[in-house]
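Structure, as structure tokens:
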Amino acid sequence: MAQTLACLRGWHVGLAQAELVALFPATKFEELSPRLMLTNQQPAKELQQSLSCSSGIQCFLRDVELINYPKQNQTTLLEKVSGVLEKFPMRGSLAVRYLRIAGRIDGVSTKSLAGEIGSLAVSHGYSINLNDPEYEIGLIADGMSNTIVCGWLIGDFDDSIGTATRRATERPFFRPISLDPRLARLAVNLAGGPIDENAILDPMTGTGGFAMEAITMGRNCLAIDMNEDMIFGAKQNIDWALQDNDVKSNFQMSVGDACNLVESIPTMWHGKISGVVLDPPYGRNSHGTHGHFELISNTIESARKIVSDNAKLVLIIPIKPNKDNDELELLHGEWDNFKQMMVSSGAEIINQWQEHVHASLSRLILLASISPQD
Ligand SMILES: C[S@@+](CC[C@H](N)C(=O)[O-])C[C@H]1O[C@@H](n2cnc3c(N)ncnc32)[C@H](O)[C@@H]1O
């Protein structure tokens with residue numbers, strides 16, 4: 001059966017794997033190595049769309065053939081690739097792209113192998129065009145698992161994610177709190193799953209980091225902040241991000257209170273929010289009204305009144321860097337109390353990841369399910 005491979009970016013493999021699972025909930029992936037995820041299923045239709053909205057997926061290979069070197073040799077791979085070229089004749093111009101991840105495989109020159117695959121393609125009637133080919137074959141050599149994979153390439157091997165154009169510091173409205181688009185995009189996908197008619201809720205939008213990613217990938221999105229200046233600036237950011245983008249999404253951005261979402265979010269969206277992304281203010285006290293945990297817990301309880309079934313929450317909080325994998329230390333408050341607060345607010349933690357920020361700060365990224373309540 002034809003197999004499809006997802007090749008993940010290397011900046012945070014754990015998060016990238018979680019994003020892949022969130023975007024393809026009905027597809028079972030097998031981990032060949034941390035950045036290579038293989039499936040027998042054929043999610044072909046959504047591959048291109050998922051790739052364009054994803055943060056952690058670098059590319060897909062379709063009709064994949066693979067070998068584990070040196071148990072199987074490169075001739076075996078060439079025979080398998082020849083079989084693919086026979087089976088799926090797509091005459092035209094072609095380029096073979098190659099990528100090495102996680103170090104070298106001793107005895108394998110990925111470049112020479114790519115050349116041999118190119119020659120094979122020519123013998124099957126293709127012409128080579130490296131600049132503007134009709135088709136591309138991708139060849140990936142993974143030094144960690146000694147796997148060499150080859151298939152029709154969807155996407156490219158460029159590791160720089162497209163969100164670089166929306167870097168926080170380049171936006172018309174920048175504040176030090178602004179989230180990096182790479183993480184913001186990933187969090188939106190973790191919370192929202194596959195893009196559908198439901199909306200993403202960003203209840204403390206600040207400069208609009210999550211909202212900008214949700215909207216530019218075509219998701220419906222509702223964003224509020226209690227600070228009018230933030231809403232004014234976040235709207236400027238959204239206009240700026242959409243200037244060369246013709247995606248269609250419904251979005252609303254307004255002043256509102258995350259602790260009273262029933263009032264702050266238009267009724268037409270109640271029950272139609274499948275993902276909540278939350279980046280609360282740091283510090284013990286936000287705006288003098290609530291303590292840190294209380295603000296989060298009130299927001300979760302308030303969100304549960306308007307979310308859809310099976311809604312997910314992604315919450316980002318600051319922690320102390322944890323080099324030795326010791327118990328987590330939050331920057332504000334105790335981790336055990338935090339977990340207790342999540343349980344009593346009705347949020348069930350599904351998974352958690354850490355991301356390094358600088359010597360004295362890391363982030364905890366939590367994925368939780370939040371069931372609706374009346
Ligand atoms: C850490 S910032 C969010 C940063 C944002 N992710 C970004 O990319 O710019 C937290 C935001 O929460 C807002 N906030 C605090 N309490 C709030 C509340 N009860 N309701 C709505 N917004 C609130 C603050 O005004 C602040 O803009």
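Start at 1 and go down the list; that is how both ligands and their atoms are numbered. Keep in mind that this is a model prediction, so the values were computed, not measured.
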We want to know whether [X] and [Y] form a side-chain donor-acceptor pair, criterion being a heavy-atom distance below 3.5 angstrom.
X      : Y      : value
Arg219 : Asn250 : no
Thr216 : Arg185 : yes
Ser54  : Glu19  : yes
His124 : Glu86  : yes

Have a look at ligand 1 and work out which part of [X], if any, has a heavy atom under 4.0 Å from it: side chain, backbone, both or neither.
X      : answer
Met230 : side chain
Leu295 : side chain
Pro280 : backbone

Over all atoms of both residues, closest heavy-atom pair of Ala258 and Ser302: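 Heavy atoms of Ala258 and Ser302 come nearest at O-OG, 3.1 Å.
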
Do [X] and ligand 1 have an N or O pair less than 3.5 Å apart?
X      : answer
Asn227 : no
Ala258 : yes
Ile224 : no
Phe210 : no
Arg171 : no

Any idea which atoms of ligand 1 are less than 4.0 Å away from a heavy-atom of [X]?
X      : value
Gly209 : 7 (C), 8 (O)
Gly256 : 20 (N), 21 (C)
Pro203 : 21 (C), 22 (N)
Ile177 : 2 (S), 4 (C), 7 (C), 9 (O)
Asp257 : 18 (C), 19 (N), 20 (N)
Thr207 : 7 (C), 8 (O), 9 (O)
Gly206 : 9 (O), 27 (O)

Hey, can you pull the donor-acceptor pairs under 3.5 Å for the side chains in residues 306-320, sequence neighbours left out?
residue: Ser308; atom: OG; partner: Ile273; partner atom: O; Å: 3.2
residue: Lys320; atom: NZ; partner: Glu329; partner atom: OE1; Å: 3.4

Straight-line distance of Trp353 CH2 to Ile365 CD1, nearest 0.5 Å: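 Here the rounded value is 8.0 Å.
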
Pick from Met204, Glu228, Glu213: the one approaching atom 12 (O) of ligand 1 most closely through a non-hydrogen atom: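 Checking each option, the heavy atom nearest atom 12 (O) of ligand 1 is found in Met204.
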
Closest candidate by heavy atom, reference atom 23 (C) of ligand 1, pool Arg175, Met212, Met226: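 When every heavy atom of Arg175, Met212, Met226 is considered, Met226 comes closest to atom 23 (C) of ligand 1.
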
Side chain to side chain, Leu295 and Pro281, heavy atoms closer than 4.5 Å: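 They are in contact (side-chain heavy atoms under 4.5 Å apart), so the answer is yes.
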
Audit row: Leu38, Glu31, side-chain contact (heavy atoms from CB on, under 4.5 Å) steps and yes/no: CA-CA 6 Å; Leu38 190 68; Glu31 182 180 323; over 6 Å; no

Cation-pi, Trp11 ring and Arg182 (6.0 angstrom, 45 degrees):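 Here Arg182 passes the 6.0 Å and 45° test against Trp11.
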
Close approach of Thr205 to ligand 1, heavy atoms, under 4.0 angstrom: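 Distance cut 4.0 Å: Thr205 passes for ligand 1.
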
contact_flag Asn298 ligand 1 heavy-atom lt 4.0 Å: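 No, Asn298 has no heavy atoms under 4.0 Å from ligand 1.
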
Show me the donor-acceptor pairs, under 3.5 Å and distance only, between side chains in residues 343-351 and residues at least two apart or in other chains.
residue: Ser344; atom: OG; partner: Gln340; partner atom: O; Å: 3.0
residue: Ser344; atom: OG; partner: Met341; partner atom: O; Å: 3.3
residue: Ser345; atom: OG; partner: Met341; partner atom: O; Å: 2.5

Aromatic ring pairing Trp152/Tyr126, orientation class (parallel under 30°, perpendicular over 60°, tilted between):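 Rings of Trp152 and Tyr126: tilted, as their planes differ by 30° to 60°.
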
